[in-house]
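Whatever order the structure lists ligands and atoms in, that order sets their numbers, starting from 1.
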Amino acid sequence: PASLCGTWDMISNVNFDGYMSALGISVYLRKIALRLKLRKVIEQQGDQYIIKTLSTFRNYAISFKTGQVFEEFTKGLDNRHIKSTVTWQGNKLTCEQVGEKKNRGWAHWVEGDKLHLELHCDGEVCKQVFKKN
Ligand code: RET
């Protein structure tokens, strides 16, 4: 699949509020988060990845190897400890996040010159699109 590596800037964000609600994030924090223009920085070396979510308000970063479960602490988001596994499903880098919240995870993929990210939790799906910086 096309490389996800690089610096990507958000151009659209659909139902981020629904996704954050499903995570139990407070109205106060949701209002701040909704106004942010997020940036993704994705680095890869072999099957080792670092994905950074950057904003003026708060940053979040994870580092993992595909195919290996890792302990994720969603610090500054919903502050939960979860067990995450990232694998390639066709052209999509997908993550399953097992913990208190049901049906939680995400998928990143490149289509044309855009990075797509779908985030889901319970029944809520958030869709974000980024353009290469
Ligand atoms: C921000 C601001 C503070 C409140 C919330 C945030 C949400 C971040 C999210 C990050 C997702 C990262 C992923 C990384 C994958 O590799 C923007 C930090 C709730 C949802 C999917």
Side-chain angles (χ1 to χ4, degrees):
S3 173
L4 304 180
C5 292
T7 298
W8 304 87
D9 290 327
M10 174 182 273
I11 53 172
S12 66
N13 191 5
V14 174
N15 198 35
F16 192 34
D17 201 46
Y19 169 77
M20 289 189 291
S21 293
L23 288 177
I25 290 172
S26 72
V27 185
Y28 172 76
L29 184 55
R30 272 153 48 201
K31 282 194 170 147
I32 296 170
L34 276 180
R35 299 173 62 89
L36 301 172
K37 290 281 172 256
L38 302 178
R39 170 173 282 179
K40 292 281 173 190
V41 177
I42 302 181
E43 297 162 24
Q44 176 194 3
Q45 274 179 323
D47 53 6
Q48 178 80 45
Y49 287 80
I50 301 172
I51 301 183
K52 296 172 188 160
T53 304
L54 305 178
S55 78
T56 51
F57 171 66
R58 196 171 277 173
N59 301 325
Y60 184 69
I62 57 170
S63 149
F64 57 87
K65 268 191 173 135
T66 50
Q68 291 187 2
V69 60
F70 65 100
E71 311 279 333
E72 182 175 357
F73 175 50
T74 59
K75 185 177 164 60
L77 315 188
D78 59 321
N79 297 302
R80 286 192 173 89
H81 292 273
I82 53 184
K83 293 201 189 312
S84 300
T85 312
V86 182
T87 54
W88 281 101
Q89 306 286 329
N91 67 331
K92 295 183 180 174
L93 190 69
T94 67
C95 181
E96 204 185 340
Q97 298 174 311
V98 175
E100 185 184 343
K101 290 291 171 181
K102 297 299 159 217
N103 185 35
R104 179 176 186 172
W106 52 258
H108 280 100
W109 69 98
V110 169
E111 235 174 77
D113 55 357
K114 305 285 195 300
L115 175 73
H116 293 250
L117 170 60
E118 206 172 80
L119 298 144
H120 59 269
C121 180
D122 275 331
E124 297 289 339
V125 179
C126 167
K127 181 70 197 291
Q128 302 180 339
V129 181
F130 302 78
K131 70 169 167 47
K132 197 136 211 174
N133 174 265

With heavy-atom distances below 4.0 Å as the criterion, list the atoms of ligand 1 near [X].
X	value
Ile51	15 (C), 16 (O)
Met20	19 (C)
His108	15 (C), 16 (O)
Trp106	15 (C), 16 (O), 21 (C)
Thr53	12 (C)
Phe16	7 (C), 20 (C)

[atom]: the protein heavy-atom neighbour that sits closest, reported with distance to 0.1 Å:
atom	answer
atom 17 (C) of ligand 1	Leu38 CD2, 3.6 Å
atom 16 (O) of ligand 1	Ile62 CD1, 3.1 Å
atom 13 (C) of ligand 1	Lys40 NZ, 3.6 Å
atom 19 (C) of ligand 1	Ile25 CD1, 3.4 Å
atom 5 (C) of ligand 1	Leu77 CD2, 3.8 Å
atom 2 (C) of ligand 1	Leu36 CD1, 3.8 Å

Will you find, in the side chains of [X] and [Y], an N or O donor that is under 3.5 Å from an N or O acceptor?
X	Y	result
Lys37	Ser55	no
Glu124	Tyr19	no
Glu96	Thr94	no

Hey, quick one: are [X] and [Y] part of the same hydrophobic cluster, counting side-chain heavy atoms closer than 4.5 Å, chains of contacts allowed?
X	Y	value
Phe57	Val27	no
Leu117	Tyr60	yes
Leu77	Val41	no

Salt-bridge criterion met for [X] and [Y] (N-O under 4.0 Å):
X	Y	value
Glu72	Lys83	no
Arg30	Asp17	yes
Lys102	Asp122	no

Heavy-atom distances under 4.0 Å decide this one: backbone, side chain, both or neither, for Leu119 against ligand 1?
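The side chain, only.
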Arg30 and ligand 1 - part of the residue with a heavy-atom distance under 4.0 Å:
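Within the 4.0 Å criterion, Arg30 makes no contact with ligand 1.
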